2 protein chains.
Amino acid sequence: MAKVTMQEISKLAGVSPATVSRALHSPHLVRKDTRERITRAMEKSDYVYNATAGDLSRKRSSMIGVIIPTTKSLVFSTSLLAIQEAAQENNFSIMAGSSKYDLETESALISQFQERRPAGIILTGFLKGQQASIKRLIRNGMPCVVIWDKLADPDLSYVGFDNFKATYAVTEYLISLRHRRIGLIIGPYSKVDRVRRRLEGFLAALKDYGLPHHPRMIIEKEPTLIDGKEAMARLMDMPERPSAVLAASDTLAMGAMAAVRDMDLGVPENVSIAGFDDIDIAAYSNPPLTTVRVPAYEIGRLAVKVILDMAKTGDLRAQHYCLDTSLIIRKSCRKLQKNET
Amino acid sequence: MAKVTMQEISKLAGVSPATVSRALHSPHLVRKDTRERITRAMEKSDYVYNATAGDLSRKRSSMIGVIIPTTKSLVFSTSLLAIQEAAQENNFSIMAGSSKYDLETESALISQFQERRPAGIILTGFLKGQQASIKRLIRNGMPCVVIWDKLADPDLSYVGFDNFKATYAVTEYLISLRHRRIGLIIGPYSKVDRVRRRLEGFLAALKDYGLPHHPRMIIEKEPTLIDGKEAMARLMDMPERPSAVLAASDTLAMGAMAAVRDMDLGVPENVSIAGFDDIDIAAYSNPPLTTVRVPAYEIGRLAVKVILDMAKTGDLRAQHYCLDTSLIIRKSCRKLQKNET
DNA sequence: GGTTTACGCGCGAGCGCTTTCGCGCTTCCT
DNA sequence: AGGAAGCGCGAAAGCGCTCGCGCGTAAACC
């Protein structure tokens with residue numbers, strides 16, 4: 001390891017360690033020629049700043065903890081990428097982990113992060129039962145922001161979008177296409193509120209348009225391809241099968257489309273499918289998927305901004321950012337004929 | 001932040017800080033009742049270990065730096081997931097970053113990691129021009145392992161597979177299907193050796209089977225859907241268009257399939273397409289993609305093991321693990337008739 | 001019973017950086 | 001010319017944890 005310390009640099013440059021530190025972090029506080037001497041000393045001895053020592057001394061670290069639910073879905077990777085980019089630009093590193101929708105894993109991750117005294121923690125939603133500990137974190141002065149949802153709790157910061165509204169909108173779209181038997185394949189809503197809100201949006205739309213609600217047509221699954229496929233197969237096997245299915249994530253939708261294909265049926269001829277997320281591949285599937293575009297990238301960048309902001313000012317009052325989603329109409333849904341059912 | 005320190009715990013438990021530290025890290029060195037007193041003290045004062053201080057004192061950190069090329073491809077996320085899981089099991093955190101195939105970004109990431117004195121660094125291949133600095137890292141005592149490729153350099157550790165051989169094998173398969181005009185859509189081989197080896201495997205197979213080599217049928221692109229689509233469109237526009245196309249990553253292949261669809265042509269009726277990576281969705285595309293399965297998950301876990309091993313023993317001698325790949329035959333390639341071309 | 005062995009624990013000197021305080025010097029103002 | 005203000009820098013006291021060393025007590029041996 002590069003074992004040269006600031007001490008040695010300071011000797012080499014004929015200044016005190018304090019000055020070296022200043023030259024590094026507040027260059028404007030040291031005269032140009034001294035600064036140059038220091039820079040030269042650092043270069044010629046391959047000095048590498050020790051952020052661990054710095055963080056300890058400064059009593060806060062330049063890391064940000066990030067928890068995403070899964071890497072199986074590209075859409076979270078997009079937020080993660082944005083977070084990492086934004087962090088790097090500010091010379092922060094990120095610690096990442098995925099909860100895999102498991103409360104214990106999530107808690108373990110949070111504890112692990114805590115040990116590093118990060119500048120803040122970004123959570124992608126959070127699991128039921130976690131709310132209290134997050135609030136405790138905040139009360140203890142740890143900047144936290146929840147992404148990917150619009151939270152009702154005024155004490156929690158979020159950077160997200162309205163899952164209820166967005167889901168309501170797609171459902172409404174499906175209804176406008178004259179569909180009346182609409183299935184729903186959805187992620188673990190019993191574990192994650194963010195997902196539950198999608199369910200609620202769906203239900204609300206059904207209700208508002210006077211459509212019956214068939215509990216059997218709502219299938220809760222993990223957001224994976226295989227689960228989407230299985231769920232769809234089950235839906236298609238029902239005596240009165242749905243004419244349209246909303247998959248609450250594109251990954252599920254992709255799986256669902258595969259199930260239809262396996263039955264030698266077509267989308268949207270035999271059944272319409274809509275997704276949620278607008279992952280890259282949604283535009284490239286066969287048929288291209290009608291879905292809800294979600295500002296994954298912007299969410300990531302903004303979340304970092306919020307964290308950094310809180311860390312800098314020490315003002316942990318909750319900040320709320322509700323971004324827009326949009327319905328992307330492609331080719332996986334069709335309008336039923338008047339007489340069709 | 002939880003601001004209680006080991007000091008305070010030690011007072012509360014009536015022992016010295018050293019003992020608290022031992023109770024935490026080497027419980028067998030402290031008597032059971034003392035240990036329990038300490039544990040109780042920690043619980044009732046919400047003690048959170050300060051890993052920053054610990055790392056500084058111990059002069060090595062419990063973090064691992066990871067660089068992947070991009071999060072646009074799910075296949076790297078899989079390795080990342082495996083790395084994170086394995087790390088967490090050993091109480092290590094990971095710092096992640098993506099190079100986006102840019103040398104400067106990659107270097108910046110490495111420098112940023114260095115500042116934290118990580119236990120080691122995992123690189124997904126590396127860019128041209130980076131080799132020297134990696135070797136320097138190793139010489140300075142930093143465990144490094146390159147994943148996703150089999151390296152020729154005996155001084156560099158790797159956990160990967162034989163890109164040459166794997167690509168040779170798919171190409172051979174295409175040839176066995178009587179294809180003679182085979183196009184190649186490939187990632188940035190001029191920047192990344194790992195990708196170049198795929199190119200070389202392809203070329204070697206062509207040569208060994210006496211097939212002509214059309215440079216224009218080899219298109220270098222970023223491994224994204226849109227690039228795959230564009231490249232395929234170009235290939236299909238050629239006067240003597242290929243009867244089969246190998247896409248050196250599944251993402252490219254998905255894009256390529258979309259291009260074919262846009263021309264109202266079919267895969268594999270009008271053109272066969274093979275991919276590389278076997279990302280989850282490859283099995284769910286329409287048609288399901290013939291591709292090369294790559295042990296992304298195992299690579300990740302093994303890489304962590306290697307790093308931890310090196311960090312523990314201090315033995316930085318290069319370790320090599322070449323894992324197996326396999327050809328997954330699905331439905332995107334068809335055999336040409338005798339008279340077909 | 002005296003010596004050895006082992007065990008459990010405290011002491012104290014760091015790890016490499018940050019930051020407050022204040023000193024001496026230059027510059028500016030009246 | 002004398003005082004105020006400001007600039008550039010050094011001294012030193014930490015930040016919270018680790019670990020080699022060594023002491024005292026208890027168990028083990030002949």
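Owing to the predicted nature of the structure, the values given are computational and were not obtained by experimental measurement. Only heavy atoms go into these numbers, but all of them, side chains included; no hydrogens, no water, no symmetry mates. Here is the naming used below: chain letters follow the sequence lines, and residue numbers restart at 1 for every chain.
- As rounded to whole Å, 13 Å separates atom P of dC7(C) from atom CZ of Arg31(B).
- Taking a cutoff of 4.0 Å between a charged side-chain nitrogen and a carboxylate oxygen, Lys3(B) and Glu8(B) do not qualify as a salt bridge.
- The two residues Leu316(A) and Met142(A) have their closest heavy-atom pair at CD1-N, 3.8 Å.
- Here Lys312(B) pairs with nothing under the salt bridge (Lys or Arg N to Asp or Glu O under 4.0 Å) rule; sequence neighbours left out.
- Going from atom NZ of Lys32(B) over to atom P of dC7(C) covers 18 Å, rounded to whole Å.
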Worked check of salt bridge (charged side-chain N to carboxylate O under 4.0 Å, His left out) between Asp55(B) and Arg116(B):
CA-CA 9 Å; Asp55(B) 282 355; Arg116(B) 306 232 166 244; over 6 Å; no

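- Rounding to whole angstrom units, NE2 of residue His28(B) and P of dA6(C) are separated by 16 Å.
- With sequence neighbours excluded, the residues satisfying salt bridge (Lys or Arg N to Asp or Glu O under 4.0 Å) with Lys100(A) are Glu85(B).
- Not counting sequence neighbours, the partners of Pro17(B) by the side chain to side chain contact (heavy atoms under 4.5 Å, CB included) test are Gln7(B), Ser10(B).
- Residue pairs meeting the ring-ring contact (aromatic ring centres under 6.0 Å, His included) criterion with at least one partner in residues 54-84 of chain B, sequence neighbours excluded, are Phe76(B)-Trp148(B).
- For Thr19(B), no side-chain nitrogen or oxygen approaches OP1 or OP2 of dG8(C) to under 4.0 Å.
- For residues 8-16 of chain B, proximity to DNA chain C is found at Gly14(B), Val15(B), Ser16(B), defined as any non-hydrogen atom under 4.0 angstrom from a strand atom.
- Residues satisfying the salt bridge (Lys or Arg N to Asp or Glu O under 4.0 Å) test with Asp153(A), not counting sequence neighbours, are Lys135(A).
- In the helix from dG1(C)-dC30(D) to dT30(C)-dA1(D), the terminal helix axes, each the rotation mapping four pairs' C1' atoms onto the next four within five end pairs, subtend 30°, rounded to 10°.
- Residues passing the side chain to side chain contact (heavy atoms under 4.5 Å, CB included) test with Asn91(A) are Gln112(B), sequence neighbours excluded.
- For Leu74(A), the side chain to side chain contact (heavy atoms under 4.5 Å, CB included) partners two or more places apart in sequence, or in a different chain, are Ser77(A), Ile279(A), Leu74(B).
- In this structure, a donor-acceptor pair under 3.5 Å is present between the side chains of Gln130(A) and Ser133(A).
- Here chain A contacts DNA chain D (any atom closer than 4.0 Å to a heavy atom, that is under 4.0 Å), and the contacts span dG8(D) to dG16(D) from 5' to 3'.
- Counting only residues at least two apart or in different chains, ring-ring contact (aromatic ring centres under 6.0 Å, His included) contacts with residues 299-320 of chain A comprise Tyr158(A)-His320(A).
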When you compare the protein's N or O atoms with those of nucleotides 14-18 of chain C, which come within less than 3.5 Å of each other, and at what distance?
unit_1	atom_1	unit_2	atom_2	d
dG14(C)	N2	Ser57(B)	OG	3.0
dC15(C)	O2	Ser57(B)	N	3.4
dG16(C)	N2	Ala53(A)	O	3.4
dC17(C)	OP1	Tyr47(A)	OH	2.3
dC17(C)	OP2	Met6(A)	N	2.4
dC17(C)	O3'	Tyr49(A)	OH	3.3
dC17(C)	O2	Ser57(A)	OG	3.0
dT18(C)	OP1	His25(A)	NE2	2.6
dT18(C)	OP1	Tyr49(A)	OH	2.5
dT18(C)	OP1	Arg58(A)	NH2	3.1
dT18(C)	OP2	Ser21(A)	OG	2.5
dT18(C)	O4'	Ser57(A)	OG	2.4

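- The shortest non-hydrogen separation linking Ala119(A) to Ala311(A) is O-CB, 3.9 Å.
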